[in-house]
There are 2 protein chains.
Amino acid sequence: MKAATIRDVAERAHVSVASVSRVLTGAGAVTDATRARVMEAVDALSYVPHSGARSLSTSRTDTVGVILPDLFGEFFSELIRGMDVAARAHGLHLIVSSSHDDAADASAAIRSMRGRVDGLIVLSPHLDSANLTGNLSGRLPVLLMNGGEADSGRPSIAVDNVGGAVAAVEHLVAMGYRRIAHIGGPAGNLEARERQAGYVQAVLAAGLEPAVHNGDFTQASGHVAMTALLRGRDRPDALFAANDMMAIGALLALQEAGLRCPDDIAVVGFDDVPIAALVRPGLTTLHIDIAETGRHAMERLVRLIAATSLPDAVPDTTRETIHPRLVIRQSCGSPQFSTLDGGASAPARLVSNGE
Amino acid sequence: MKAATIRDVAERAHVSVASVSRVLTGAGAVTDATRARVMEAVDALSYVPHSGARSLSTSRTDTVGVILPDLFGEFFSELIRGMDVAARAHGLHLIVSSSHDDAADASAAIRSMRGRVDGLIVLSPHLDSANLTGNLSGRLPVLLMNGGEADSGRPSIAVDNVGGAVAAVEHLVAMGYRRIAHIGGPAGNLEARERQAGYVQAVLAAGLEPAVHNGDFTQASGHVAMTALLRGRDRPDALFAANDMMAIGALLALQEAGLRCPDDIAVVGFDDVPIAALVRPGLTTLHIDIAETGRHAMERLVRLIAATSLPDAVPDTTRETIHPRLVIRQSCGSPQFSTLDGGASAPARLVSNGE
DNA sequence: CTGTTAGCGCATTCAC
DNA sequence: GTGAATGCGCTAACAG
């Protein structure tokens with residue numbers, strides 16, 4: 001038994017397919033009588049419109065795609081959650097595509113999106129603007145969230161990683177720490193590079209000595225790096241890790257070594273993933289409202305999509321910047337802040353330029 | 001400038017659309033000469049096939065849908081990650097649909113999937129088998145993962161919540177605890193109900209007194225419940241929470257009250273989300289390899305989809321059961337197990353009946 | 001208000 | 001090996 005089509009419904013209701021379409025889409029006027037007959041047939045056949053066929057006809061898919069590097073950790077899942085909320089609010093479906101190892105793979109993914117989505121949010125670091133224009137054929141609305149690319153002329157959202165790192169270091173300096181080490185992220189990662197640059201910049205500005213150690217954003221790498229740090233001479237009195245997971249790994253390494261945080265070594269992370277507030281001591285970190293950022297990105301994509309159907313639309317090439325804010329918990333030596341899930345924080349700001 | 005169609009390519013290459021289709025799909029023999037001309041045109045126009053149109057023609061979408069209750073917490077994100085890996089391995093796209101508040105909402109979601117996906121994995125508790133058959137029209141392959149429903153005759157995967165809870169309580173009893181309290185999950189939640197049932201059953205079997213308190217799966221509710229427990233008379237010496245987040249909330253409440261875990265009160269959770277290994281003391285809990293379960297579910301759905309195109313396919317109505325395994329960490333009084341990320345555990349088992 | 005018809009973009013017969 | 005024609009299921013003019 002195959003699925004019923006609009007034609008089956010039309011036959012059973014003794015009307016034309018057009019009428020069926022009218023009652024189902026709500027567009028066009030229909031007699032109450034026909035409406036009733038159609039609905040009866042729909043019910044009897046348990047007919048469900050074929051959205052693929054509808055898409056082909058209307059050239060709208062009511063679906064948006066998200067291209068991600070991977071699905072690991074809380075960052076991306078929170079982001080997707082935010083996007084999903086906004087998408088649903090607009091009656092849109094969400095199709096996720098992740099784990100693209102290289103540019104070719106990512107390009108293939110993006111090409112396969114044609115005819116499947118009305119717009120795209122791209123976070124994959126392998127996809128720069130050139131890559132996109134080459135693989136996108138028509139002008140599918142695309143929102144870039146993969147950092148860098150300030151010059152692409154495409155709408156984008158980026159995190160102020162340098163500013164966040166500077167804020168972290170400045171806070172540590174203000175608290176009196178002087179030997180501040182850094183654990184960096186993966187070599188090729190842009191965000192990691194920016195955070196490290198901010199660290200170096202701020203440390204030098206304070207007249208201190210930078211000390212960078214390698215990590216890869218995993219908790220394990222933070223653990224390894226901190227263990228090595230503790231064995232080395234010239235042990236630091238504070239650590240700024242390029243993300244929270246590494247900071248937590250460092251925290252555990254400290255505990256295992258019988259040292260206390262922040263008394264012996266203070267620790268600051270980046271991202272403020274949910275776990276950060278749950279470890280002890282609570283992790284001081286740079287907060288990004290991830291879900292909210294995802295929601296905001298989706299809202300913006302929706303606007304982009306709407307604009308493409310307008311004749312006189314002003315092309316949006318705005319680059320938005322998300323400014324992380326410092327959340328102070330116990331891991332950096334402020335025992336006065338020890339509430340359950342947070343602590344004091346600098347005022348939030350989310351600004352956009354050029355709009 | 002609109003996106004190029006297969007016809008544009010055909011014109012530019014001076015061949016028929018059929019030939020273009022042949023070189024692009026790989027099906028059918030083509031001269032090297034024509035192939036070259038077509039490829040040239042494809043390149044020049046940066047043509048990308050319209051997957052929607054292709055789907056309509058082939059009646060395959062190469063996309064699978066996942067219906068979830070929500071996207072909160074690490075459980076669902078890990079599950080999706082596992083599914084995504086398997087889906088990609090089979091060249092399938094993943095479309096996620098979540099946050100359905102009620103049955104009507106969920107039904108609408110599932111209906112809108114027709115013509116959009118080749119198969120569905122359903123975790124939404126609002127969708128029982130009757131609901132599905134009513135809204136599915138044809139016979140779209142569906143894998144159920146929403147518990148209960150053992151009688152539906154549909155392929156499904158379920159977690160042995162009762163068995164897990166029994167294992168947790170038995171372990172606590174074996175460790176010498178006698179006043180074992182429970183914090184349950186949301187009222188309507190089936191999994192929560194099963195875990196509670198297992199708890200009550202095991203406690204009674206041990207000749208002890210059950211003591212159930214209310215929670216809603218959030219960390220905050222665990223915190224509240226534990227705080228209340230501590231204030232009450234007849235304070236328990238152990239707690240079994242219906243999930244990890246509540247267990248962690250309870251853990252924090254203990255710390256704030258100046259009590260020690262497990263010395264004053266032991267705590268056991270359920271799920272083994274990644275955080276569980278990172279809190280201190282490490283949380284003893286029931287481990288489910290979430291990502292692996294997602295991967296496995298997707299593999300099974302792929303098989304279901306493949307079977308529908310076979311004429312003599314044996315309908316799969318198997319109900320698989322995932323058995324959680326107890327992971328012993330420090331929170332239940334086994335300080336001898338104190339590695340970084342885990343601890344000893346009972347042997348894993350994943351069995352299926354009826355296959 | 002209703003029915004007829006022409007696409008949407010592509011894969012796939014079927015003749016040549 | 002190639003091209004012309006048909007249909008996938010639906011919406012949207014267009015006449016009636």
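Lettering of chains follows the sequences in order, A, B, ..., and the numbering in each one begins at 1.
C/dC1 atom P lies 10 Å from atom CZ of A/Arg35, rounded to whole Å. If you measure from atom NE2 of B/His50 to atom P of C/dA11, you get 12 Å, rounded to the nearest angstrom. The NZ-C1' distance, from B/Lys2 to C/dG7, rounds to 11 Å in whole Å. Atom pair A/Ile6:CD1 and C/dG7:P shows a separation of 19 Å (rounding to whole Å applied). Separating the CZ atom of A/Arg60 from the C1' atom of D/dT11 is a distance of 11 Å, rounded to the nearest angstrom. Distance NE2 (B/His14) to P (D/dG3): 12 Å, rounded to an integer number of Å. Note: CZ (B/Arg54) to C1' (D/dG9) measures 18 Å, nearest angstrom. Whole-Å rounding puts the A/Leu24 CG to D/dT11 P distance at 7 Å.
Residues B/Thr63 and B/Leu94 are not in side-chain contact: their nearest non-hydrogen atoms beyond the backbone lie 4.5 Å or more apart.
Of the side-chain N and O atoms in B/Ser21, one or more sit less than 4.0 angstrom from OP1 or OP2 of C/dA11.
Between D/dT11, D/dC8, C/dC1, one nucleotide has an atom nearer to the side chain of B/Ser57 than all others, and that is D/dC8. Comparing atom distances between the B/Ala18 side chain and each of C/dT12, D/dG9, C/dC10 picks out C/dT12 as nearest. Nearest nucleotide to the side chain of A/Ser19, out of D/dG3, C/dT2, D/dC10: C/dT2. Residue B/Val15 has its side chain nearest to D/dG3 when only D/dG3, C/dG3, D/dG9 are considered. Among D/dA5, D/dG9, D/dG3, the nucleotide with an atom closest to any side-chain atom of A/Leu56 is D/dG9. Here D/dT11 is the nucleotide among C/dC10, D/dT11, C/dT2 with the atom lying nearest to any side-chain atom of A/Thr25.
Contacts of B/Thr34 with the nucleic acid, taken as non-hydrogen atoms under 4.0 Å apart, involve only primed sugar atoms and P, OP1 or OP2. As judged by a 4.0 angstrom heavy-atom cut-off over every strand, A/Thr31 is placed among residues touching the sugar-phosphate backbone only.
Under a 4.0 Å N-O distance rule, the pair A/Asp316/A/Arg300 qualifies as a salt bridge.
Below the 3.5 angstrom threshold, one finds no donor paired with an acceptor across the side chain of B/Arg114 and the base of D/dG9.
Heavy-atom nearest nucleotides on DNA chain D were determined for A/Val17 and for B/Arg22, and the one closer to the 5' end corresponds to B/Arg22.
A donor-acceptor distance shorter than 3.5 angstrom exists from the side chain of A/Asp118 to the backbone of A/Asp62, with no hydrogens or angles considered.
Atom-to-atom distance recorded for A/Arg37:CZ and A/Arg12:CZ is 11.5 Å, nearest 0.5 angstrom.
Residues A/Ser112 and B/His93 bring a donor and an acceptor atom of their side chains to less than 3.5 Å of each other.
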